[in-house]
Amino acid sequence: MIAYPCCKINLGLNIVNKRKDGYHNLETIFYPVPLHDVIEINKMHEDFPSMLNCDIKVTGTYLNNCDDKDNLVVKAYNLLAKHFYLPRIHAHLYKQIPSQAGLGGGSADAAYMIKMLNEHFHLKINNDEMQQLATKLGADCAFFINAKAAFATGIGNELTPIKTEINALKGCYLTLIKPDIAISTAEAYSNIKPQQPKKCCKDIISQPISTWKEELKNDFEEPLFTKYTELKDIKKRLYEEGALYAQMSGSGSTIFGIFDKKPKNVEQIFKGNFIYNCSL
């Protein structure tokens, strides 16, 4: 069985307040992007030489450095194995989504693994239950169960589907630029000062995209742009190349630009960085 986990960008991200449990409440718009990893699972032959119930092979362009047992695909298997009988499996994860990039690649892999196991082994877990399970693996994992545009609150796990298309994005092009900078979630939150936004991002995205530059913010940008000036420079250059809107995705380090037509010079300008273009 094969699945293709997508990634996401955040259209606005506001850190509203700090919770008693140490986490932060936020407001953001998760928007799916058709840049995919690939996961293949097969039942493991009984003679397969592995001590693991979920043996994993990770290949691809953008590999993370975690041990196999810490891979979120394995953690997803182990989570479901606590509640359901699962046979031993071999999983092959092919990584094309960069790690520590603010794109949710690891979270997507975990969520899609839950969906694959549910379908392949007829576990009969409903959609809401899959989202609840996914949240145990990461704050934004639940989004990838459906992978459709959603307004997220709480720690990113309380999702309200956006029932109509985001009109401002119709016919636009998206460019992702990820430099060789890795930012952990802990680092991103270390200098955050939570505050209530002047206007909710859910309201802003219903406005013309010409208003987004002044109103749609990512609270992680200011402290991280101070430390990593290259990120600020990438955003500035995307605007110089005609972006209608540019922002850092999530906790970084990917910067995205939204254009009214396919940009011509980004491959040359940002040569040496990860670059991805697609229509929206």
Side-chain angles (χ1 to χ4, degrees), residues 1-8 23 30 32-33 35-147 155-157 159 178 182-188 250-251 254:
M1 186 175 189
I2 298 177
Y4 301 88
C6 67
C7 68
K8 58 81 180 169
Y23 291 93
F30 289 136
V33 173
L35 168 62
H36 301 276
D37 286 341
V38 184
I39 303 175
E40 180 180 8
I41 62 171
N42 291 287
K43 287 180 66 174
M44 198 185 301
H45 191 275
E46 60 183 21
D47 295 329
F48 192 89
S50 174
M51 300 298 292
L52 300 173
N53 288 326
C54 178
D55 182 86
I56 189 168
K57 178 182 180 181
V58 184
T59 61
T61 310
Y62 292 95
L63 306 180
N64 54 33
N65 296 317
C66 69
D67 293 336
D68 288 351
K69 66 179 184 299
D70 293 323
N71 190 289
L72 281 169
V73 167
V74 176
K75 289 185 175 182
Y77 174 93
N78 291 335
L79 177 63
L80 264 63
K82 291 179 181 179
H83 305 281
F84 303 91
Y85 167 75
L86 291 175
R88 297 171 72 222
I89 68 166
H90 177 75
H92 181 191
L93 171 62
Y94 184 81
K95 290 294 297 177
Q96 298 183 106
I97 304 170
S99 301
Q100 293 186 313
L103 298 175
S107 296
D109 297 339
Y112 274 70
M113 184 64 164
I114 290 173
K115 293 197 295 181
M116 292 175 74
L117 293 172
N118 183 44
E119 180 181 350
H120 194 56
F121 297 114
H122 311 290
L123 304 182
K124 298 181 180 180
I125 312 171
N126 66 38
N127 194 78
D128 289 343
E129 291 170 337
M130 284 194 290
Q131 288 186 331
Q132 292 171 16
L133 287 165
T135 298
K136 296 180 180 181
L137 299 171
D140 59 353
C141 284
F143 163 73
F144 291 102
I145 295 297
N146 295 320
I155 60 173
N157 62 319
L159 303 169
K178 194 234 177 246
I183 300 173
S184 69
T185 303
E187 179 185 3
S251 57
T254 299

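Treat the numbers as computed from the prediction; the structure is a model and nothing was measured. We use all heavy atoms of the structure for the numbers below, so side chains are in, but hydrogens, waters and symmetry mates are not.
A donor-acceptor distance shorter than 3.5 angstrom exists from the side chain of Thr254 to the backbone of Ala101, with no hydrogens or angles considered. Between the side chain of Asp37 and the backbone N or O of Ile97 there is at least one donor-acceptor pair closer than 3.5 Å.
Among Asn71, Val73, Asp109, the single residue meeting the side-chain contact (heavy atoms from CB on, under 4.5 Å) criterion with Val58 is Asn71.
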Please tabulate, for side-chain N and O atoms in residues 116-127, each donor-acceptor pair with protein atoms closer than 3.5 Å (sequence neighbours left out).
| residue | atom | partner | partner atom | Å |
| --- | --- | --- | --- | --- |
| Asn118 | OD1 | Lys124 | N | 3.2 |
| Asn118 | OD1 | Ile125 | N | 2.9 |
| Asn118 | ND2 | Ile125 | O | 3.1 |
| Asn126 | OD1 | Asp128 | N | 3.2 |
| Asn126 | OD1 | Glu129 | N | 2.8 |

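Gln131 contributes atom CD, which lies 9.5 Å from atom CG of Asn157 (distance to the nearest 0.5 angstrom). Rounding to the nearest 0.5 Å gives a distance of 11.5 Å between NE2 of His92 and CG of Asp55. Between atom NZ of residue Lys75 and atom CD1 of residue Ile114 there is a gap of 13.0 Å, rounded to the nearest 0.5 Å.
Side-chain contact between Ser107 and Lys8: absent, with no pair of heavy atoms (C-beta onward) separated by less than 4.5 Å. Between Ser184 and Gln100, the closest side-chain pair of non-hydrogen atoms falls below 4.5 Å. In this structure, Met113 and Leu93 have side chains that are not in contact, with every pair of non-hydrogen atoms separated by 4.5 Å or more. In this structure, the side chains of Phe144 and Lys115 stay at 4.5 Å or more apart for every pair of heavy atoms. The side-chain heavy atoms of Tyr77 and Ile56, taken from C-beta on, include no pair separated by under 4.5 Å.
For the residue pair Val33 and Cys6, the shortest heavy atom distance occurs at O-CB, 3.4 Å. The nearest pair of heavy atoms linking Asn42 to Met1 is OD1-N, 4.5 Å. Scanning both residues, Leu103 and Cys7, for their nearest heavy atoms gives O-CB, 3.3 Å. Nearest heavy-atom pair, Ile183 versus Ser251, reported as atom, atom and distance to 0.1 Å: CG2-O, 3.5 Å. The two residues Ile89 and Met44 make their nearest non-hydrogen contact at O-CE, 2.8 Å.
Within a 6.0 Å sphere centred on CZ of Phe84, heavy atoms belonging to other residues, nucleotides or ligands number more than 12.
Note on ring orientation: taking the six-membered ring where Trp is involved, the planes of Tyr4 and His36 are perpendicular (angle over 60°, cut-offs 30° and 60°).
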